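In what follows, a single structure is set out as structure tokens and then discussed.
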Amino acid sequence: MVAKKILLLDGNSLAYRAFFALPLLTNEHGVHTNAVYGFTMMLQKILEEEKPTHIVVAFDAGKTTFRHETFSEYKGGRQKTPPELSEQFPYLRKLIDAYRIKRYELPNYEADDIIGTLSLEAEQAGDEVIVISGDKDLTQLASPSTTVYITRKGITDIEKYTVDHIQEKYGLTPQQIIDMKGLMGDASDNIPGVPGVGEKTALKLLAAHGSVEGVYEAIEQQKGKLKEKLVENEELALISKKLATIERNAPIDIKIDELVYSGPDHDELIQVWNELAFKSLLEKMEYTAEETVKEELEFEVLQEIDAAILEDEMAVHLELYDEQYHTCDLLGVSLATAAKTYVVPMDVIKHSEAFKTWFRDDTKKKYMSDSKAATAAFYRCGIEVGGVDFDLMLGAYIVNPSLTYTDMANIVQEYGYTDVAQNEQIYGKGAKKAVPEDSILNEHIARKARTIWEVRPLVLKKLEENEQFELYYNLELPLATILGAMESLGVKVDKEQLTAMGEELSLKLAEIEKNIHWSAGEKFNINSPKQLGVILFEKLGLPALKKTKTGYSTAADVLEKLEGQHEIISQILMYRQLGKILSTYIEGLLKEIHEDGKVHTRFQQALTTTGRLSSINPNLQNIPVRLEEGRKIRKAFVPSEPGWLMVAADYSQIELRVLADMSKDESLIDAFKHDMDIHTKTASDVFHVPIEQVTSDMRRAAKAVNFGIVYGISDYGLSQSLNITRKAAAEFIDTYLKSFPGVKNYMDSSIQSAKKNGFVTTLMNRRRYLTDINSSNFNLRSFAERTAMNTPIQGSAADIIKKAMIDMAEALEREGLQTRMLLQVHDELIFEAPPEELEKLKVLVPQIMENTVQLNVPLKADFAFGDTWYDTK
DNA sequence: AAAATCACG
DNA sequence: ACGTACGTGATTTTC
């Protein structure tokens, strides 16, 4: 047996130390993290330097201890623990658990006593002990086998108190530290000591007489004022000594053998660090992450594919060099069954008719991960995909949409599988990124197909357990293929049109820039909020209405309030508006046009927490529409075939209809059944006026309330959007909820169910976990509550349009139409179509969208068409 | 790499 | 009292 090295940490004391030593850091939710951070830094350092075999963190339990029976004012007069610190203790506990370090506390005893008791036990067993605290009291525990580490100034700076060091520093033995406290007291613990005796006197007395008792035995040797004080306060000195004495026989019920430290739970630690936003530690961890020992994998590299090896069910993986699968290199394919793993180089795949035939065969089941990426990448080599029966990434996303799904290694880690490397480990990152030698590459690729095969049953089991198999198998999985086809098809963009608009805009912008500089009286970078802030709020003396973390806010809503106070404001707003169009939607979009004159976005299907899609490279879900200047960009989105038309169909008020369905609110249901203008109807109910008397201002206010309801309303949010006081907004909301009691009931029950189950669900049983719903932190909890209200609405709407897309693809196929679905923008679908199919589409498209699910209100879809996307209105 | 801003539903 | 509307992505500046 290797000698034990036992680490005993004083949790409370170290947390306090760290808290006061470091500036108040916060994570993105406004939770303070400095104490936890300091504790972590200290712990990391000790773990590295000392390599302990056993660890425990002791905490104080409750407010009173046995010491209060002796002296009721013990620790009296102490400042209450600052709330910024107390909120950190739950995180500290979480952190310690992630390290798989034992925590211990004992009612009626302090952390000191737990440490004292354990250190005595260890000493008697002959084990080495390190005690760590911020409190010098603990130095009394030093012994030949026990060293006491006391933090200095910072938190990682440590002073090591051995028996020798104490002797050198004070001329005392560790036991005499107690006597010193007895004489001089301790202000921080409110231990009185003998008034008038400080460190100097105490040390002198102990040097001469050895102990408090010794001093009093020879009390006659003292004289004058000192003698007087000593005699007067004999009882106080003895009580103080007792208080300062650490109990070394506390009734603890843990044994040292239970404290074995075998390293952290890395996944858990990463999660906790992420939550706390400990970026530097996370990076360091990645850097030093030891290669986990992977089980040996035997695989065969094929130079030719024999059709006989292609089975009815196989895991298939196409390795891609980066995320941009529309253009990146294809590095190879791997195949796996229960018994075998193969790797096939790309040139072999491209020339293998056996593979191509098998791959497009719908009856041969393929188990993949991110099948959409593979579909789109294979499409470029003319290889068709059929029979995708499992998608690891999508399955895992349905199980928990809150995690990130980029690297297969990270995905499967959730399922306890660690035999596949992270891409970054294989390829490197940044400038150093490169394809490694074949042996490394092949093993990596081989492991991916193996991983899919191995993890598939675990994911399927979870999906079954959560009753999400249907959602996964009949919605997300077929949708992946459809999205892949939409992406590969792409959308034609009129390059000349964009370029011309860009030139015109550039001239206009230069003109505005000149005017702004003239108005400001100097040249500066208008795009810099920092420089702009200085100009507006210092030089021009305009009132700074709002601040950001780093300075003045110059956001549009702030500037709009200043309009009219200075000519420069509207110039800046115009400059911003046009600048955005130029940089993002003209220059940015031009860069994304491929050789075929089209843009090929990627719809991320495993990203959002609500179930929506997202669109990147380029983002085609945020092309301007609200303002005319920006809307013109849509003129550049044109059909890819001459004479064809762009077609757009969008759901009308889908989220509020979903709300009506889920809340069963009679008034809301009634409004949609009668196809009323929902904002006008809301205004009529809230303001208690007949429909005909609703003014445009009333409707505008009601519209904002409806938005708020969908977002998980708060008075503050509404007050911001309507520019009214919070109180007025609160009253507004109150009136709304009285008018729509079903909605009120839905909001409450949604939060209740989240609190009870830890998650909320959508129409099609999509799930989102809300870990903060019971948090004691107001911000976190409020956010979770709003999410509990919003996610079922936004998510159900996403479910519905996804199903409509599947129905639509099927219908286009069934009807033998040439019309192509190109884009989805959350509640609308964009197509390109030959004009002769238009009459049919006018009926078909809304019909499919409106009937893809049956709610207790009708769904409504509007249809439009034109020569460009701009004209679909 | 983060913050600020602004485009969309 | 606490400080925020829900969900995204791209660009620019700043550190």
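A, B, ... follow the sequence lines: proteins, then strands. Residue 1 opens every chain. None of the values given here were measured: they were computed from a predicted structure.
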Close aromatic pair by centroid cut-off 6.0 Å: A:Tyr736 and A:Phe740: yes

Proximity of A:Tyr870 and A:Phe637 rings by center, below 6.0 Å: no

Protein proximity profile, nucleotides 8-15 of chain C - base contact B, sugar-phosphate-only contact S, no contact -, cut-off 4.0 Å on heavy atoms: SBBSSSSS

Mind checking if [X] touches a base, just sugar-phosphate, or nothing, with heavy atoms under 4.0 Å?
X: A:Ala784; result: nothing
X: A:Ala797; result: nothing
X: A:Ser721; result: base

Contact under 4.0 Å: A:Arg626 side-chain N or O vs B:dA7 OP1/OP2: no

Counterpart residues, salt bridge (charged side-chain N to carboxylate O under 4.0 Å, His left out), relative to A:Lys803 (two or more places apart): A:Asp807

Axial cation check for A:Tyr711 ring with A:Arg786, 6.0 Å and 45° limits: no

Show me, pair by pair, the donor-acceptor contacts under 3.5 angstrom made by side chains of residues 583-591 of chain A, not counting sequence neighbours?
| residue | atom | partner | partner atom | Å |
| --- | --- | --- | --- | --- |
| A:Ser583 | OG | A:Gly579 | O | 3.1 |
| A:Tyr585 | OH | A:Asn622 | O | 2.7 |
| A:Tyr585 | OH | A:Asn622 | ND2 | 3.3 |

Under the side chain to side chain contact (heavy atoms under 4.5 Å, CB included) test, residues paired with A:Leu607 that sit two or more places apart: A:Gln604, A:Ser614

Dot-bracket summary - DNA chain C, pairs being Watson-Crick or G-U whose distances fall under 3.5 Å, with | when paired to another strand: .....|||||||||.

Residue-level proximity of residues 821-830 of chain A to DNA chain C when a heavy atom falls under 4.0 Å: none

